[in-house]
Amino acid sequence: MRFSEFGLNTLKEVPAEAEIVSHQLMLRAGLIRRLASGLFTWMPLGLRVLRKVERIVREEMDRAGALELLMPAVQPAELWQESGRWDQYGSLLLRMRDRHERDYCFGPTHEEVITDIARRELKSYRQLPINFYQVQTKFRDEIRPRFGVMRAREFIMKDAYSFHVDQASLEEGYQRMHAAYTAIFQRLGLRFRVVDADSGEIGGSRSQEFHVIADSGEDAIAYSEEDHYASNIETAITLPPEGSRPAATATMQKVKTPGKKTISDLCEFLDVRPEQTLKTLIVEGETQPVALVLRGDHELNAIKAARLPGVFSPLRMADPKTIREATGSPSGYAGPIGLEIPVFYDHATKPMSDFVCGANEADMHMTGVNFGRDMEEPETVDIRNVVEGDRVPGGKGTLKIARGIEVGHIFQLGTKYSQAMGATVLDQEGNETVMAMGCYGIGVTRIVGAAIEQNHDDRGIIWPDPMTPFDVILVPINMHRSNAVREAAEKLYEELRAMGLEVLFDDRDARPGVKFADAELIGIPHRLVVGERGLESGELEYRHRRDAESQMLKREAALDLLRGA
Ligand code: ATP
Ligand code: MG
């Protein structure tokens with residue numbers, strides 16, 4: 001490709017709208033352009049990268065025996081009503097109506113459509129197991145689209161769905177996808193970790209996420225260096241603390257704490273540490289509000305809390321009016337003493353003594369509070385996020401926390417959709433049986449952003465070889481003034497392409513500094529410079545994007561080096 005014919009515009013300035021480096025670099029290198037919130041055009045340079053990612057994904061899916069198909073992006077509401085998700089999916093679902101006033105959605109995922117295919121096409125156990133996949137555009141009306149293509153509204157997903165006669169076959173199919181995903185991310189040259197996205201219950205490998213490790217990741221991953229444990233903190237479990245509770249030394253007192261509604265304000269005012277306080281959160285319940293009590297420095301885990309009996313799922317914080325009715329005070333002063341609604345205590349509250357909590361009265365807190373003496377002994381549950389240093393659930397060592405970008409997700413759905421939508425086959429004995437199902441997603445567009453998060457420096461992108469838009473950038477110096485340089489560069493361009501390499505030939509009449517800066521920004525692994533000086537001695541200047549210095553190589557030696565690229 002000749003740069004002069006490629007229509008590429010690079011940007012010097014860092015675009016103000018881009019918070020993280022991959023988004024900045026994707027805009028600056030001209031890989032994408034923004035149309036509207038969460039909507040992006042893949043420009044020719046970016047599309048070359050995306051196609052490479054897609055190709056690797058397809059090759060590994062095909063190798064694993066999955067069959068590619070292509071489903072419509074627009075889906076009729078009836079299917080979603082059958083599965084029950086028309087009401088459950090909430091405002092992530094973009095709904096629309098056609099000229100006949102019929103309801104549709106733009107598919108955020110395709111379980112319903114594929115289950116409809118399965119119930120019509122699959123009749124016998126002999127057709128199973130089977131795995132269908134597609135690479136397709138999804139739409140999710142994300143609350144906060146950000147980070148460019150990493151959390152977009154419209155994005156491309158590879159989604160696969162497998163159907164099985166029984167659980168054993170599902171597990172086998174799931175393991176096969178686990179292996180295929182591992183191969184995909186290894187081939188892409190990314191550093192990744194597979195984490196449990198399940199509740200961590202016994203045998204809980206029913207859902208795992210593939211995370212690219214990066215500081216800008218939106219997900220926190222709890223992992224152990226001592227064993228294989230790794231879990232999204234959304235689902236990582238906490239264990240009840242070991243050891244006993246220190247004896248009570250203080251007497252309970254009600255103290256004035258005017259306007260001190262947050263733990264940090266309260267701690268500063270009373271000169272106590274957050275670990276000495278309880279925070280009481282009022283959430284919506286199925287029939288009445290529910291109080292959730294945590295140690296002041298801990299964070300509520302919404303997923304775990306929503307699983308508690310009587311708690312509304314998905315978790316919703318109570319509004320100020322409900323809080324007032326439930327506690328008798330404005331929000332910020334709730335405490336567990338004397339509450340007449342159900343109360344759940346987090347495990348970590350159990351060993352606390354002489355603590356501070358809300359008094360259920362405006363501008364008032366209680367200090368020197370103790371379980372057993374001032375209030376009942378708590379029955380504790382797991383409702384908080386794990387923190388670094390917590391015990392590893394398997395028992396070995398303590399947890400570390402890293403950040404990750406979820407690029408893939410594999411899931412054993414069981415019969416959730418096939419049951420609801422009546423997807424059955426005849427089994428070996430001729431009995432009608434509901435198919436077991438797995439689903440497996442990869443964020444194809446997100447991978448490109450994630451790869452840049454992991455592979456860049458202050459000058460630009462450094463593409464891993466498997467996804468680079470071009471293998472080589474050819475940079476002639478002063479080609480527009482030197483015929484010798486022009487001829488040598490043109491010849492080299494032909495030769496490199498004949499070797500099967502993808503070459504970007506920077507034939508612009510621009511200063512070398514401009515060309516070098518662009519080459520580094522767009523991150524092509526190999527750079528060859530053709531200049532008058534080298535030509536005299538039959539040499540080219542070579543530099544890998546990761547090298548600190550260039551080197552002069554004989555023309556043949558340079559070509560040999562690239563032959564391996
Ligand atoms: P997240 O937790 O990041 O919102 P999710 O768990 O809702 O993602 P899945 O339903 O598991 O996503 O979708 C499969 C894959 O699609 C994800 O692993 C992710 O890589 C990708 N993906 C999901 N939402 C987006 C988005 N808004 N923009 C880009 N890629 C996305
Ligand atoms: Mg997911």
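Distance SG/Cys105 to CZ/Arg97: 13.0 Å, rounded to 0.5 Å. For the atom pair OG1 (Thr109) and CE (Met157), the distance works out to 5.5 Å, reported to the nearest 0.5 Å. Here the CZ-CD1 distance, from Arg546 to Ile462, works out to 4.5 Å after rounding to the nearest 0.5 Å. Remark: Leu94 CG to Asp141 CG distance equals 6.0 Å, nearest 0.5 Å. For the atom pair CD1 of Ile156 and CG of Leu50, the computed distance is 5.0 Å after rounding to the nearest 0.5 Å. Atom CD1 in Ile20 sits 11.0 Å away from atom CG in Asp215 (nearest 0.5 Å).
Between Lys279 and Asp297 there is no salt bridge, since no side-chain nitrogen of the basic residue lies less than 4.0 Å from a carboxylate oxygen of the acidic one. A salt bridge is absent between Lys138 and Glu154; no separation between the charged side-chain nitrogens and carboxylate oxygens falls under 4.0 Å. A salt bridge does not link Glu60 to Lys158: none of the charged nitrogens lies less than 4.0 Å from a carboxylate oxygen. For the pair Glu142 and Arg151, the salt-bridge criterion is met [side-chain N within less than 4.0 Å of a carboxylate O]. We find that Arg176 and Glu172 are not joined by a salt bridge, their nearest charged nitrogen and carboxylate oxygen being 4.0 Å or further apart. A salt bridge is absent between Asp219 and Arg403; no separation between the charged side-chain nitrogens and carboxylate oxygens falls under 4.0 Å. Remark: Arg191 does not engage Glu453 in a salt bridge, criterion side-chain N to carboxylate O under 4.0 Å. Under 4.0 Å is where a charged nitrogen must lie from a carboxylate oxygen, and between Glu78 and Arg102 no such pair does. By the 4.0 Å N-to-carboxylate-O rule, Arg58 lies too far from Asp62 to be salt-bridged with it.
In terms of heavy atoms, Gln136 sits closest to Leu70 at CG-CD1, 3.7 Å. Considering every non-hydrogen atom in both Tyr223 and Ile401, the closest pair reads CE2-C, 4.0 Å. The nearest pair of heavy atoms linking Leu399 to Glu388 is O-CG, 3.4 Å. Of all heavy-atom pairs spanning Ala348 and Arg384, the tightest one is CB-NE, 3.8 Å. Summarising the geometry of Thr415 relative to Met435, their closest heavy-atom pair is CG2-O, 3.5 Å, with the distance given to 0.1 Å. Taking each heavy atom of Pro393 and Ile237 in turn, the nearest pair found is CG-CG1, 3.6 Å.
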- Task: Could you walk me through whether Ile461 and Ile524 pass side-chain contact (heavy atoms from CB on, under 4.5 Å), step by step?
- Result: CA-CA 8 Å; Ile461 301 167; Ile524 294 165; over 6 Å; no
- Check the pair Ile442 / Asp159 against side-chain contact (heavy atoms from CB on, under 4.5 Å), numbers first and verdict last. CA-CA 6 Å; Ile442 287 187; Asp159 45 332; over 6 Å; no
- Query: Can you list the steps and then say if Asn131 with Tyr161 is a side-chain hydrogen bond (donor to acceptor under 3.5 Å, both in side chains)?
  - Reply: CA-CA 6 Å; Asn131 185 330; Tyr161 307 88; over 6 Å; no
- So Ile452 and Trp463, side-chain contact (heavy atoms from CB on, under 4.5 Å) or not? Walk me through it. CA-CA 7 Å; Ile452 297 174; Trp463 288 113; 3.7 Å; yes
- Thr238 and Asp390: side-chain hydrogen bond (donor to acceptor under 3.5 Å, both in side chains), yes or no, with the steps? CA-CA 7 Å; Thr238 66; Asp390 276 349; 6.0 Å; no
- Message: side-chain hydrogen bond (donor to acceptor under 3.5 Å, both in side chains), that's the test. Do Gln24 and Ser22 meet it? Break it down for me.
- Response: CA-CA 5 Å; Gln24 293 167 359; Ser22 59; over 6 Å; no
- Full working for side-chain hydrogen bond (donor to acceptor under 3.5 Å, both in side chains) between Arg33 and Asn9: CA-CA 11 Å; Arg33 289 292 176 249; Asn9 279 321; over 6 Å; no
- Message: Checking Ile114 against Met437 for the side-chain contact (heavy atoms from CB on, under 4.5 Å) test, could you report, in this order, the C-alpha distance in whole Å, the side-chain angles of both residues, the deciding distance, and whether it holds?
- Response: CA-CA 10 Å; Ile114 200 71; Met437 209 176 143; 3.9 Å; yes
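A donor-acceptor pair is defined here as one N or O able to donate and one able to accept, closer than 3.5 Å; such a pair exists between the side chain of Asp166 and the backbone of Ser169. Remark: side-chain polar atoms of Asp196 are not paired, donor with acceptor, to backbone N or O of Gln208 under 3.5 angstrom. When atom types are taken as modelled, the side chain of Glu299 and the backbone of Asn385 share no donor-acceptor pair closer than 3.5 angstrom. Here the side chain of Arg28 pairs a donor or acceptor atom with the backbone of Leu11 at under 3.5 angstrom. The closest donor-acceptor contact from the side chain of Ser224 to the backbone of Glu226 lies under 3.5 Å. Not a single donor-acceptor pair under 3.5 Å links the side chain of Glu5 to the backbone N or O of Met1. Panel note: side chain Asp457, backbone Gly460; a donor-acceptor pair is recorded below 3.5 Å. Remark: the backbone N or O of Ile213 is not paired with any side-chain donor or acceptor of His211 at under 3.5 angstrom. Side-chain N or O atoms of Arg119 include one that pairs as donor or acceptor with a backbone N or O of Met421 at under 3.5 Å. Put simply, the side chain of Asp346 gets close to the backbone of Ile383: a donor and an acceptor are under 3.5 Å apart.
Atom CZ of Arg55 sits in a sparse spot, with 12 or fewer heavy atoms from other residues, nucleotides or ligands closer than 6.0 Å. Annotation: Asp227, atom CG; neighbour count of heavy atoms from other residues, nucleotides and ligands within 6.0 Å is above 12.
For the pair Arg48 and Phe470, the cation-pi criterion (under 6.0 Å, within 45° of the ring axis) is fulfilled. Relative to the ring axis of Trp86, Arg95 places its NZ or CZ within 45° and under 6.0 Å from the centre. Annotation: cation-pi geometry satisfied between Arg527 and Phe516 (NZ/CZ under 6.0 angstrom from ring centroid, within 45° of ring axis). A cation-pi arrangement is not found for Arg206 relative to Phe411, the charged atom failing to lie both closer than 6.0 Å to the ring centre and inside a 45° cone about the ring normal. Annotation: cation-pi pair Arg2/Phe505 absent, no NZ/CZ under 6.0 Å from the ring centroid and within 45° of its normal. Remark: Arg316 qualifies as a cation-pi partner of Phe312 under the 6.0 Å distance and 45° angle criteria applied to the six-membered ring.
A salt bridge (charged side-chain N to carboxylate O under 4.0 Å, His left out) check over residues 412-424, counting only residues at least two apart or in different chains, returns nothing.
Inspection of the Glu171 and Gln175 side chains reveals no N or O donor paired with an N or O acceptor under 3.5 Å. Checked by atom type, the side-chain pair Glu234/Asn301 shows no donor-acceptor distance below 3.5 Å.
Below 30°, between 30° and 60°, or above 60°: for Tyr440 and Tyr174 the angle between ring planes is between 30° and 60°, a tilted geometry.
Ring to ring, Phe192 and Phe185 are close: their centroids are under 6.0 angstrom apart. A distance of 6.0 Å or more separates the ring centres of Tyr417 and His110.
A side chain to side chain contact (heavy atoms under 4.5 Å, CB included) with Glu218 is found for one member of Arg146, Arg144, Glu406, Met150 and no other, namely Arg146.
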